[in-house]
Amino acid sequence: MNVVVLVKYVPDPQGTPELDDAFLVVREGTEGALDPGDEYAVEAGLRLVETHGGEVTLLTMGPETASAALRKGLSMGAHAGVHVVDPALRGSDALATARVLAAAVRRRPFDLVLAGVESTDGSTGTVPMTVAQLLELPSATFARALSVEDGVLRIERPTDLGFDVVEAPLPALATVTGSAPEPRYPTLKGIMQAKQKPVERLALADLGLSAEALAPTQRVVGLTRAQERAAGEVIQAGEDTAKRIVDLLAEAKVL
Amino acid sequence: MTSREIDPLDYLEVDRLLTDEERAIRDAVREFVRERILPSIGEWFETSEFPRDVAKGLADLGLLGMHLTGYECAGANAVSYGLACLELEAGDSGFRSFVSVQGSLCMFPIWKFGSEEQKQRYLPAMARGEIIGCFGLTEPDVGSDPARMRTSARRDGPDWVLSGTKMWITNGGIADLAVVWARTDDGVRGFLVPTDTPGFSTHDIHRKLSLRASVTSELVLDEVRLPEDAVLPGVVGMKGPLSCLTEARYGIVWGSMGAARACFEAALEYAKTRVQWGRPIAGFQLTQEKLATMATEINKGLLLALHLGRMKDEGRLRPQHVSMGKLNNVREALGIAREARSILGASGITLEYPVIRHMNNLESVLTYEGTNEIHTLIVGEALTGMRAYE
């Protein structure tokens, strides 16, 4: 089976992304990595082709530096990469991104598209579903386990009470959560083989898309910093201790 | 674009001198160390335990014999091997020692001097970590002067019979295969001794205060009978074991800087948060002098290691070059560890911080694989043409 995994190169996932004047994430000249959330999707894809045969192709859209995300996934064991890189794509919103990714997926036969749940930088969480919609695929979201049998994708989706089992006929799209099996380490051999694996570079024209058609339909208009957490209150043991604790719990509407 | 700030952990931007592949290998080992070694190393050190599952993890990562080619080895370049040693030793010298012994001291001589049959039989299994090796050269009475070893191998019909004692052998007690160097009528030769051969026994050395998360043993060979094909056919004389040591010492040139970096990081972090007289001690001149000196030596040591690595990849590296690297980098790493300990004050003596563990480990590293003194004299000999040690 052919699995396409949507991957994203994000600024240092441990740090706080820098924003420019237009509230766009600064991607040039910053250290970055394959989005850790996407690694779970890569792992899920690798496991499926290890069971069923076939190949995992990584697809990313991003500046030149985004090739590092492909290289990481290839060193984990993915077979090929596709990198959509075009200056006109700078500042693309989630819808434009989904259009580009869908157009790139469509170019070759595929059975399954996998993605993380959301990126750690933009965190819109809408791209996978939009890609599914554009490709007219059933989508199974928030998978913690995936299997394929007789052309049917089956996932487990954790819920508050337990988990749902969701099935969809292939071709389909699924998003993979961080409770799926841990991503493997790239081995030394994997790292060294990665540079020999094919990576196709595509520009917008190769996808039959124009910059005008991809103009953002949404933009960030403002930014408010998250409120810093106030210091907690330490209640000293004394006569009123119990009453103060009960008052606080009532204030917090716990009682 | 804003002007780049100085990165305290890569002051001279040595990172930029590495290829993407070298960086990726470095990052993979660093991540492994962060996830699999750092959370438990204090405990392993305290209880003197070598965790076998971590050894398996190192094999799965592809680190065992990574700089060798063929036979399921990764075939990475010397710089990548050095970077792996550095990251491992930033975790603990014990794990770098394990990888050095397996790859450089045991797999290397088989790869370099072994018969095709020996290579096929041992190298893939050693790369997978299914066979653990140890290297028997040093003896109770023979350290810097290994040519005077007493362990001997005599012919008895087609067989070889080995007798003697080897001491301070890393991995000895957990090894499946010992590469033992012994005198023969023709000169020193290397033997591949399965550790379940009758007459072979080991005794682990306890009460160590250094390399506690690593097994160190005595090997006893009491009339160990081996078939004719147990000998490494490709080398006779001291150049056999010495060439292995050059390989391993090269890893130490890098590894020691890993231990130094870990100590520096701990000291820098501590100095920035430890407040005395109302401000962080990092703001005091004496602390800054220590930190500046440590950072300078780490960057110099890294550049030296990288230079030797590039020379090795070009086939230009000589043992005398490696001696200068080992001499400098281990000495400086030990100095950095001690200085870091002083910055951490009393906290520096506990296993809550990595510093005293690295400091104690480096005391071994200063001595093994050629003492600081011997490497000094090798450099001296290279400079003057006069040998001052025999």
Side-chain angles (χ1 to χ4, degrees), chain A residues 9 11-21 24-36 39-40 42-43 46 50 58 63-78 81 83 90 178 181-197 199, chain B residues 1-5 7 9-10 13 15-16 18-37 54 56-85 87-88 99 103 124 127-129:
Chain A
Y9 181 77
D12 179 15
Q14 260 89 46
T16 308
E18 235 181 284
L19 301 182
D20 66 13
D21 295 340
L24 294 172
V25 175
V26 176
R27 300 187 187 279
E28 291 77 22
T30 56
E31 290 290 309
L34 170 61
D35 194 317
E39 291 185 15
Y40 289 89
V42 175
E43 177 64 35
L46 292 173
E50 277 162 8
L58 307 172
E64 294 293 341
T65 46
S67 61
L70 295 179
R71 213 159 41 237
K72 174 75 184 284
L74 293 172
S75 66
M76 288 171 71
H83 185 180
R90 190 172 183 282
E182 281 294 315
R184 65 196 63 189
Y185 293 105
T187 65
L188 259 59
K189 278 185 202 168
I191 290 168
M192 295 173 66
Q193 284 162 359
K195 64 174 181 241
Q196 270 113 42
K197 291 178 175 172
V199 174
Chain B
M1 187 159 339
T2 53
S3 64
R4 300 167 64 87
E5 283 177 26
D7 177 357
L9 301 182
D10 184 20
E13 302 184 6
D15 213 49
R16 294 189 58 216
L18 306 176
T19 65
D20 285 343
E21 181 178 297
E22 288 160 355
R23 270 194 292 266
I25 289 174
R26 188 265 320 269
D27 291 347
V29 181
R30 185 180 289 183
E31 193 177 335
F32 180 89
V33 169
R34 188 169 58 219
E35 290 184 10
R36 298 283 301 275
I37 294 180
V54 174
K56 183 76 177 79
L58 295 170
D60 292 343
L61 197 53
L63 294 183
L64 306 183
M66 64 177 275
H67 61 310
L68 306 178
T69 51
Y71 309 97
E72 297 187 25
C73 301
N77 68 3
V79 169
S80 298
Y81 175 55
L83 288 163
C85 288
E87 294 301 331
L88 280 175
V99 167
R128 292 194 296 264

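Just so it is clear, the values below take in all heavy atoms, side chains as well, and ignore hydrogens, waters and symmetry mates. Lettering follows sequence order; numbering is per chain, from 1.
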Novice: Using a heavy-atom cutoff of under 4.5 Å, enumerate the residues of residues 26-33 of chain B that contact chain A, numbered in order, or state 'none'.
Specialist: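 At a heavy-atom separation under 4.5 Å, chain A is reached by B/Ala28, B/Glu31, B/Phe32.
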Novice: Pull out the residues in residues 181-189 of chain A that come under 4.5 Å of chain B, heavy atom to heavy atom, sorted by number.
Specialist: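 Residues in range: A/Tyr185, A/Pro186, A/Thr187, A/Leu188, A/Lys189.
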Novice: Ignoring hydrogens, what is the shortest heavy-atom contact between B/Ile25 and A/Met192? Give both atom names and the distance.
Specialist: CD1-CG, 4.2 Å
Novice: Need one label for B/Glu72: side chain, backbone, both or neither, based on atoms under 4.5 Å from any heavy atom in chain A.
Specialist: both
Novice: Run the side-chain hydrogen bond (donor to acceptor under 3.5 Å, both in side chains) test against A/Gln193 and tell me which residues pass, sequence neighbours left out.
Specialist: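 In terms of side-chain hydrogen bond (donor to acceptor under 3.5 Å, both in side chains), with neighbours along the sequence ignored, A/Gln193 is linked to no residue.
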Novice: Among residues 73-81 of chain B, which ones touch chain A with a heavy-atom distance under 4.5 Å?
Specialist: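 Answer by number: B/Cys73, B/Ala74, B/Gly75, B/Ala76.
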